[in-house]
Number of protein chains: 2
Amino acid sequence: MPTTMLLRKLEQVMVLSESERQTISELPERVLHVKPREDIVDTSRPTSVRLIRTGIACRYTLLGNGHRQITAFLVPGDFCDLRALIMGDMDHAVSALGPCELAVVPHHRLFAAIKDHPRLALAFWSDTLVDAAIHRDWVANVGRRSAYERMAHLLCEIWFRLKSVGLSMDHSFELPATQGDLGDATGLSQVHVNRTIGKLREDGLIRLSKGRVVQLLDWERLTEVAEFDPAYLRVPKLNGG
Amino acid sequence: MPTTMLLRKLEQVMVLSESERQTISELPERVLHVKPREDIVDTSRPTSVRLIRTGIACRYTLLGNGHRQITAFLVPGDFCDLRALIMGDMDHAVSALGPCELAVVPHHRLFAAIKDHPRLALAFWSDTLVDAAIHRDWVANVGRRSAYERMAHLLCEIWFRLKSVGLSMDHSFELPATQGDLGDATGLSQVHVNRTIGKLREDGLIRLSKGRVVQLLDWERLTEVAEFDPAYLRVPKLNGG
DNA sequence: CGAAATTTTGAGTTCACTCAAGGATGGTGG
DNA sequence: CCACCATCCTTGAGTGAACTCAAAATTTCG
């Protein structure tokens, strides 16, 4: 029951001992298959943590005015509800975009792993720190960029994160999101998302093929438009501990 | 060299032993006084962590288009650059709004504290989890709320957080931010911030007195307008560990 | 007290929104 | 395998919330 993506991510933060790697790979209790558009976690008090193995999911909040805001996309190797391990509850929901395969890790196993290998607490903590950095980037994206720049930035981020876990070699990836979803992620209306990606396409920056495949045709120009700097996503090796 | 606010915050998450409390209170190496508008941390590689003791600060990012986005306000008890403890670097800057008093905690002391009391790692981790929750809320705020609701929400959040650390008994607090700052926090222009708080004032929801004191005149209606639900800020007691 | 920063107000503009309808696409069951 | 239905995408037209530019009034601070 491989936890390859997670290991890959954590190994970017710190060097893991054989024993630590072993412990992590034995975390999952079972695998869960989730259908497209299905909720993975709602705002409750889960007793296990779900880890994305394949597929793409999103964190979201429903506002009272009927709107939805997606606050993050989750790619393989990402925890859905690590928050609840420490905080007890979830303050938001997570839903699968396309079909997802999840590993389920009971809280007690994670606590046991941390007890045996205290350094792992720092590794998992770093996951939350990256989450926070991504959120900050989204605040800036939604708050201070035009629709055009915003969409460009979002696509850059998703591609970069997929690439970091070894998915997407070339500059293309499958994104099982509707234009409505992209609107909820960027704070734009569905119609304006349509016009915006239309312009990105006209300008030769992206291409959308059948099966919801996104191609970034001109990474150079796209990052320029989006002002995309992956520094906030990059994880330097942990020194102390 | 008291770390009262921090202790108060951490004790909301978990019960601390006398020894743990002692360790935390001995963390600060020195106190630092920072003038209004001065940077507390920039995007570099600090070797100590700064902790707000008094005053209000903000995290911010400068965008290439000349805009600034504030991604969070920091109140007493909050860490400025805990990220760098684990990640090595900062991906954003922190600046004082009004005059601030900071406690400086060298990284090695924090690592030592965690080594002696592994549960403290979970406590500090929870700080990052709350940060992430606040950021998510900001994404939703900026992405899916009108200027009017947005400003209301921001004021609710700041007041609630000040209240949780024992500042502000009544519904008023000092906020040493210009309307430009509030714009950078909400993703609005300075002019529109002016008109928006003008409307909040007209509607009898808030009052701005001399010395930058904000008064929330009608908490009931304000939370309704803002759809403010402090659940995401509340920290349930830690069960495991 | 004067200079600098901030707030306030006015006027015109624009980016993104809503409403609406037609076309494309994809999944499902007969 | 095709017809049908639902979902999603696309385009048009009109509207509106928030923006920019600009200048006056006020406050803050040295």
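This structure is a prediction, so every number in the text was calculated from the model and none was measured.
A donor-acceptor distance shorter than 3.5 angstrom exists from the side chain of Lys9(A) to the backbone of Gly77(A), with no hydrogens or angles considered. With hydrogens and angles disregarded, a donor-acceptor distance shorter than 3.5 Å links the side chain of Arg83(B) to the backbone of Asp89(B). Glu149(A) places a side-chain N or O within 3.5 Å of a backbone atom of Ser146(A) that can act as its donor or acceptor partner.
Note on Gly183(A): nothing from the nucleic acid sits closer than 4.0 angstrom, heavy atoms only. Residue contacts shown for Ser146(B) are limited to sugar-phosphate atoms, with no base heavy atom under 4.0 Å away.
A straight line from CG of Leu188(A) to P of dA18(D) spans 14 Å, rounded to a whole angstrom. dG12(C) atom P lies 13 Å from atom CZ of Arg195(B), rounded to whole Å. Distance, Arg150(A) CZ to dC15(C) P: 13 Å, rounded to whole Å. The CG atom of Asn65(B) sits 10 Å away from the P atom of dT20(D) (whole-angstrom rounding). Rounded to whole Å, the distance from CG on Leu208(A) to P on dG26(C) is 13 Å. As rounded to whole Å, 13 Å separates atom P of dT7(C) from atom CD1 of Ile206(B). Between the C1' atom of dT7(C) and the CG atom of Leu182(B) lies a distance of 12 Å, rounded to the nearest Å. Between Ile197(A) atom CD1 and dA16(C) atom P there is a gap of 15 Å when expressed in whole angstrom units.
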Check nucleotides 7-9 of chain D against the protein and report each pair of N or O atoms closer than 3.5 Å, with its distance, or say if there are none.
from	atom 1	to	atom 2	distance (Å)
dC8(D)	O3'	Arg212(A)	NH2	3.3
dC9(D)	OP2	Gln179(A)	N	2.9

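His135(B) is not listed as a side-chain neighbour of Trp138(A), based on a closest heavy-atom distance of 4.5 Å or more.
Within a 6.0 Å radius of CZ in Arg37(B), other residues, nucleotides and ligands contribute more than 12 heavy atoms.
Between Trp159(B) and His171(B), the ring planes are parallel. Angles under 30° get that label, and only those over 60° would be called perpendicular. Between Tyr232(B) and His153(B), the two ring planes are parallel [angle under 30°; tilted spans 30° to 60°].
A salt bridge is absent between Arg221(B) and Asp203(B); no separation between the charged side-chain nitrogens and carboxylate oxygens falls under 4.0 Å.
Both key distances under 3.5 Å define a Watson-Crick or G-U pair, and stretches of 3 or more such consecutive pairs in DNA chain D run C:1-21 with D:10-30, C:24-30 with D:1-7.
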Taking only distance into account, with no hydrogens and no angle test, what donor-acceptor pairs under 3.5 Å do side-chain atoms of residues 57-67 of chain A form with protein atoms, sequence neighbours excluded?
from	atom 1	to	atom 2	distance (Å)
Arg59(A)	NH1	Cys80(A)	O	2.7
Arg59(A)	NH1	His92(A)	NE2	3.0
Arg59(A)	NH2	Phe79(A)	O	3.1
Arg59(A)	NH2	Asp131(A)	OD2	3.1
Tyr60(A)	OH	Asp39(A)	OD1	3.0
Tyr60(A)	OH	Asp39(A)	OD2	3.0
Asn65(A)	OD1	His67(A)	N	3.1
Asn65(A)	ND2	Arg144(B)	O	3.3

